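Input: a single structure, listed below in structure tokens.
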2 protein chains.
Amino acid sequence: MKEGPDIAHIAALIGEPARANMLTALMTGQALTASELAAEAGVMLPTASSHLAKLQAGGLLTLRKQGRHKYFALASDEVAKVLEGLMGLAAGSGHLRTRRGPKDAALKKARVCYNHLAGEMGTRLYRHFMAAGYLQAETGTLRLTDAGRQFVRGFGVEPDSLARGRVPLCRECLDWSERTSHLAGSLGRALYTRIEDLGWAHRDAGTRAVIFSARGEQEFERRLLRG
Amino acid sequence: MKEGPDIAHIAALIGEPARANMLTALMTGQALTASELAAEAGVMLPTASSHLAKLQAGGLLTLRKQGRHKYFALASDEVAKVLEGLMGLAAGSGHLRTRRGPKDAALKKARVCYNHLAGEMGTRLYRHFMAAGYLQAETGTLRLTDAGRQFVRGFGVEPDSLARGRVPLCRECLDWSERTSHLAGSLGRALYTRIEDLGWAHRDAGTRAVIFSARGEQEFERRLLRG
DNA sequence: CACATGCTTCGATTACGATCAAACTATGAA
DNA sequence: TTCATAGTTTGATCGTAATCGAAGCATGTG
């Protein structure tokens with residue numbers, strides 16, 4: 001009855017529909033302002049403000065002030081991981097909030113998870129990196145091998161500069177649609193950013209969906225899933 | 001605003017204190033009756049009954065009828081994994097439900113997570129299995145190598161008979177106190193059962209804590225963390 | 001300065017869900 | 001059969017928290 005951390009409090013934070021909408025919106029990895037989040041959640045500003053204060057107090061969100069704006073973002077990728085896990089449970093229990101339309105197909109194919117690539121494209125990338133020996137699982141964490149280091153460098157991402165941060169370089173993240181892992185961590189983030197920079201893909205405005213151009217997808221296959 | 005599965009519903013299920021207590025109690029892996037869970041949650045039977053119906057409808061619990069008893073258990077280790085993740089967040093945000101007493105130290109050292117060994121002892125076991133090459137990470141899942149197969153057989157656990165079930169043989173599970181992985185899946189379960197059968201350890205009644213005897217701990221070190 | 005924009009605080013309203021006593025059903029024991 | 005135990009259903013009560021209008025700050029812009 002009184003053992004371990006207070007799970008109910010933070011689950012209750014996530015369990016309010018307006019707040020859940022906000023958190024889901026932040027799974028894109030973008031930082032959003034209070035007004036944007038209010039719109040996203042379908043509530044008025046005072047309500048949103050109150051919710052955001054609670055989420056922040058609960059350690060789920062971080063805040064960055066910029067001028068008269070307040071940008072909120074998920075506090076860590078642990079938070080994102082738990083949200084993704086909850087989505088898995090919710091999807092498994094069959095209660096989809098919307099019937100799966102054409103938009104869902106896009107989400108299933110490729111989407112952004114917090115800040116890295118998820119969906120079919122994400123898991124294929126992860127699988128290839130493991131199979132090619134670029135990544136190695138070690139003691140519960142993921143290690144980028146020398147071969148992997150060289151490979152990502154060839155793709156225009158410098159791993160050593162990423163390794164400095166607080167966030168681990170490689171981390172696996174459970175994909176709720178594919179039910180298998182994809183690559184997270186600062187490397188996951190950097191790879192996705194690079195994909196966007198190369199113009200292979202862009203985010204669908206306001207959604208988590210990632211739209212690959214025809215050429216972008218070809219290049220992705222050629223340069224990231226081979227060799 | 002309306003994208004993806006309904007995360008709020010199931011988070012709300014977990015977010016009610018009485019229900020959270022029940023779920024936490026079930027993290028021991030034991031199936032418990034409605035009355036036991038009522039006591040555990042600190043509510044009367046009618047209240048518990050209502051909560052349990054909701055948890056079951058939400059797909060978080062499974063039910064096994066036995067005579068006039070109803071035994072409830074967590075529906076899957078995905079559920080356990082999410083709960084463990086929430087504990088991590090709650091522990092991180094510092095809101096411990098109880099100040100860490102001597103009991104918490106026991107929990108930190110060894111406890112049962114759903115049905116397998118967690119805490120320091122659990123993560124050490126996992127680390128050793130990885131380092132010795134008994135386990136290998138592959139495409140997001142864990143594989144028991146031939147060497148590993150032989151090793152666990154020597155410990156009195158037959159891996160091939162475990163592999164048949166619906167549950168994967170090996171699976172990693174994030175440990176909320178250690179912040180690293182330990183071994184779950186049917187092998188994790190079998191190893192822990194064997195440890196209990198050998199009399200090395202027993203569960204503290206009603207808690208998740210696992211108490212090793214002095215000899216049990218020595219044997220654990222000698223037979224599972226070496227060779 | 002005035003004026004707009006972004007967000008917070010206050011206060012009143014409202015709705016939802018947790019709670020439990022009492023009555024009821026079902027299974028088992030004597 | 002009668003009694004006991006395990007759990008459900010009903011219905012009434014109560015508390016908490018979500019909601020938003022209106023007023024209040026704070027930070028920008030003309």
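Letters A, B, ... are given to chains in the order of the sequence lines, protein chains preceding strands, and every chain is numbered from 1. Since this is a predicted model, take the numbers as computed values, not measurements.
Atoms CG (Leu63(A)) and C1' (dT8(C)) sit 13 Å apart, rounded to a whole Å. Distance, Lys70(B) NZ to dT8(D) P: 4 Å, rounded to whole Å. If you measure from atom NE2 of His69(A) to atom P of dT8(C), you get 13 Å, rounded to the nearest angstrom. For the pair Arg64(B) CZ and dA6(D) P, the computed distance is 17 Å after rounding to whole Å. Distance Glu36(A) CD to dT5(C) P: 16 Å, rounded to the nearest Å. Computed from coordinates, the Leu52(B) CG to dT8(D) C1' distance equals 12 Å when rounded to whole Å.
Among residues two or more places apart in sequence or in another chain, the side-chain contact (heavy atoms from CB on, under 4.5 Å) test is passed with Ser213(B) by Arg215(B). With sequence neighbours excluded, no residue forms a side-chain hydrogen bond (donor to acceptor under 3.5 Å, both in side chains) with Glu16(B). Here Arg124(A) pairs with Glu221(A) under the side-chain hydrogen bond (donor to acceptor under 3.5 Å, both in side chains) rule; sequence neighbours left out. Under the rule for a side-chain hydrogen bond (donor to acceptor under 3.5 Å, both in side chains), the partners of Lys109(A) that lie at least two apart in sequence or sit in another chain are Glu217(A). Listed by chain and number, the residues in a side-chain hydrogen bond (donor to acceptor under 3.5 Å, both in side chains) with Arg153(B) are Glu158(B), Asp160(B) (sequence neighbours excluded).
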Can you list, pair by pair, the side-chain donor-acceptor contacts under 3.5 Å of residues 32-39 of chain B, counting residues two or more places apart and other chains?
unit_1	atom_1	unit_2	atom_2	d
Thr33(B)	OG1	Glu36(B)	N	3.2
Thr33(B)	OG1	Glu36(B)	OE1	3.2
Glu36(B)	OE1	Thr33(B)	N	2.8

_Per-nucleotide protein contact string for nucleotides 19-25 of chain C, where B marks a base within reach and S marks sugar-phosphate only (heavy atoms under 4.0 Å, - for neither)_ = SBBB---

_Per-nucleotide protein contact string for nucleotides 24-30 of chain D (B base, S sugar-phosphate only, - none; heavy atom under 4.0 Å)_ = ---BB--

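Taking OG1 from Thr24(B) and CD1 from Ile7(A), the interatomic distance works out to 5.0 Å, rounded to the nearest 0.5 Å.
A salt bridge (charged side-chain N to carboxylate O under 4.0 Å, His left out) check over residues 188-202 of chain A, counting only residues at least two apart or in different chains, returns the pairs Glu196(A)-Arg203(A).
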